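Both counts, for ligands and for their atoms, begin at 1 and track the order of listing. This one's a predicted model, so the numbers in the text were calculated from it and none came from an experiment.
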Amino acid sequence: SNPEVVRVVVGAGEIWDDFVKESVDRSLYGLENLSGVPGTVGASVVQNIECYGAEVKDSVESVEVFDTETFEIEILTNKQCDFIYRHSIFKTEEGKNFIILRVNFVLKKEGKLNLGYKDIKNYLKENNLEEKDIDLKKMREILLFIRKNKLPDLKQFGTAGSFFKCPIVDSEIFMRLKEIFPDMPNYKIDIGCETSLQGEHKIPIAFIIDHKLGWRGYREGEVGTFDKHALIVVNHGNATAKDVKNLAEKIVKDVKEKTGINIETEVVMW
Ligand SMILES: Cc1cc2nc3c(=O)[nH]c(=O)nc-3n(C[C@H](O)[C@H](O)[C@H](O)COP(=O)(O)OP(=O)(O)OC[C@H]3O[C@@H](n4cnc5c(N)ncnc54)[C@H](O)[C@@H]3O)c2cc1C
């Protein structure tokens, strides 16, 4: 056993953010940047939740599943989960028989905080804080504050969060987009999760949909995009699934026409 780490077994039905809070309270590193993501621990590995420079896969050792075909309980190693950016085996045909029972995490007793994300840097600057002023608890507090100001209040709007995935493209496509949008940031470096990206470029689709195509705050009847974040589709009250799907399709089409790239929805529809 490694004295530097703590292994934690968490039931799939636990609330993700309760687990993050508990680990931060116990001074364990690894999950702090994933503070405030809604949902359960089981779903966190389905999506490989990701934000502010962290991905859940980096703290997952293995996942215990019940296979509804064989009726066996199996342990999938991190590698067998096929985690990539906001995706895993559990979102595929191959993984559709798995019901996640428990997730086995490895958290660190010592760690370095990841303060590299733009919003975090801005927060530190605006509040005259330096890296040395930030500990695990403060980090969580900052992230919850940033999220509260940027993301819709679930009590006010129906929403699934980000509706579209950032496309991952090769250098050639990246350079072509850079010609169309010279001020487009290189997201790969910004968010610092190169491990999933294998040297390719993650296009900051929010930058394109929001700043360049002007979709932020768009409203069509009961459905629209959030006024602080164009990737988020919100239901203003009585929108149907069809309304949401239609708006998403319009945005996908607009991106295709203006940039030539195909974007995928993060939300799975069937
Ligand atoms: C306001 C808001 C902000 C968000 N921010 C982020 C973010 O920053 N980063 C991010 O990555 N995501 C984000 N999301 C997306 C969402 O929080 C995650 O996808 C989360 O993991 C969903 O959890 P859930 O419990 O609601 O899952 P559900 O929507 O209930 O399920 C998601 C999928 O997982 C499957 N599933 C759930 N549990 C199990 C299980 N035990 N076994 C097998 N399959 C299972 C379901 O069948 C479904 O296909 C955000 C969403 C909202 C609404």
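For Phe98 and Phe66, the distance between ring centers is not under 6.0 angstrom.
At the top of the distance list for atom 26 (O) of ligand 1, counting protein heavy atoms only, stands Gly39 CA, 3.9 Å. Shortest contact from atom 45 (C) of ligand 1 to any protein heavy atom: Val46 CG2, 3.7 Å. Looking only at heavy atoms of the protein, atom 38 (N) of ligand 1 is closest to Ala43 N, 3.9 Å. If you check which protein heavy atom lies closest to atom 6 (C) of ligand 1, you get Arg147 NH2, 3.7 Å. Scanning all protein heavy atoms for the shortest distance to atom 12 (N) of ligand 1 gives Gln47 NE2, 3.2 Å. The protein non-hydrogen atom at the shortest distance from atom 16 (C) of ligand 1 is Pro38 O, 3.8 Å. Here the protein heavy atom with the shortest distance to atom 41 (N) of ligand 1 is Ile100 O, 3.1 Å. Looking from atom 9 (N) of ligand 1 to the surrounding protein, the closest heavy atom is Glu50 O, 2.8 Å.
Between Ile209 and Ile263, the closest side-chain pair of non-hydrogen atoms falls below 4.5 Å.
Using modelled atom types and a 3.5 Å distance limit, the side chains of Thr225 and Arg216 yield no donor-acceptor pair. In summary, the side chains of Trp215 and Asp254 do present a donor paired with an acceptor at a separation below 3.5 Å, with no hydrogens or angles considered.
Remark: the backbone N or O of Asp153 is not paired with any side-chain donor or acceptor of Gln156 at under 3.5 angstrom. Although no hydrogens or angles enter the test, the distance criterion places a donor-acceptor pair under 3.5 Å between the side chain of Asn33 and the main chain of Asn114.
Near Thr159, meaning under 4.0 Å from any of its heavy atoms, are these atoms of ligand 1: 53 (C). The contact set between ligand 1 and Cys51, taken as ligand atoms under 4.0 Å from a residue heavy atom, comprises 8 (O).
The nearest non-hydrogen atom to atom 15 (C) of ligand 1, considering only Gly11, Ala160, Ala54, Gly161, comes from Ala160. Counting only non-hydrogen atoms, the option in Phe226, Phe98, Phe90 that gets closest to atom 43 (C) of ligand 1 is Phe98.
By the criterion of a heavy-atom distance under 4.0 Å, neither the backbone nor the side chain of Lys91 is placed next to ligand 1.
There is no protein heavy atom less than 4.0 angstrom from atom 47 (O) of ligand 1. Counting only heavy atoms, the protein never gets under 4.0 Å from atom 28 (P) of ligand 1.
Among the atoms of Thr40, some N or O lies under 3.5 angstrom from an N or O of ligand 1.
Applying the side-chain hydrogen bond (donor to acceptor under 3.5 Å, both in side chains) rule to Asp82 yields no partners; only residues at least two apart in sequence or on another chain are considered.
For the side-chain hydrogen bond (donor to acceptor under 3.5 Å, both in side chains) criterion with Asn48, the lone passing option out of His87, Lys57, Glu55 is Glu55. With Phe105 as reference, Val56 is the one residue of Leu28, Val6, Val5, Val56 to meet the side-chain contact (heavy atoms from CB on, under 4.5 Å) rule.
Electrostatic pairing of Asp25 and Lys21 counts as a salt bridge here, judged by a charged N lying under 4.0 Å from a carboxylate O.
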Could you go through the salt bridge (charged side-chain N to carboxylate O under 4.0 Å, His left out) check for Arg176 and Glu172 one step at a time? CA-CA 6 Å; Arg176 188 166 54 72; Glu172 199 186 318; over 6 Å; no
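Heavy atoms of Val37 come nearer than 4.0 angstrom to ligand 1 in at least one pair.
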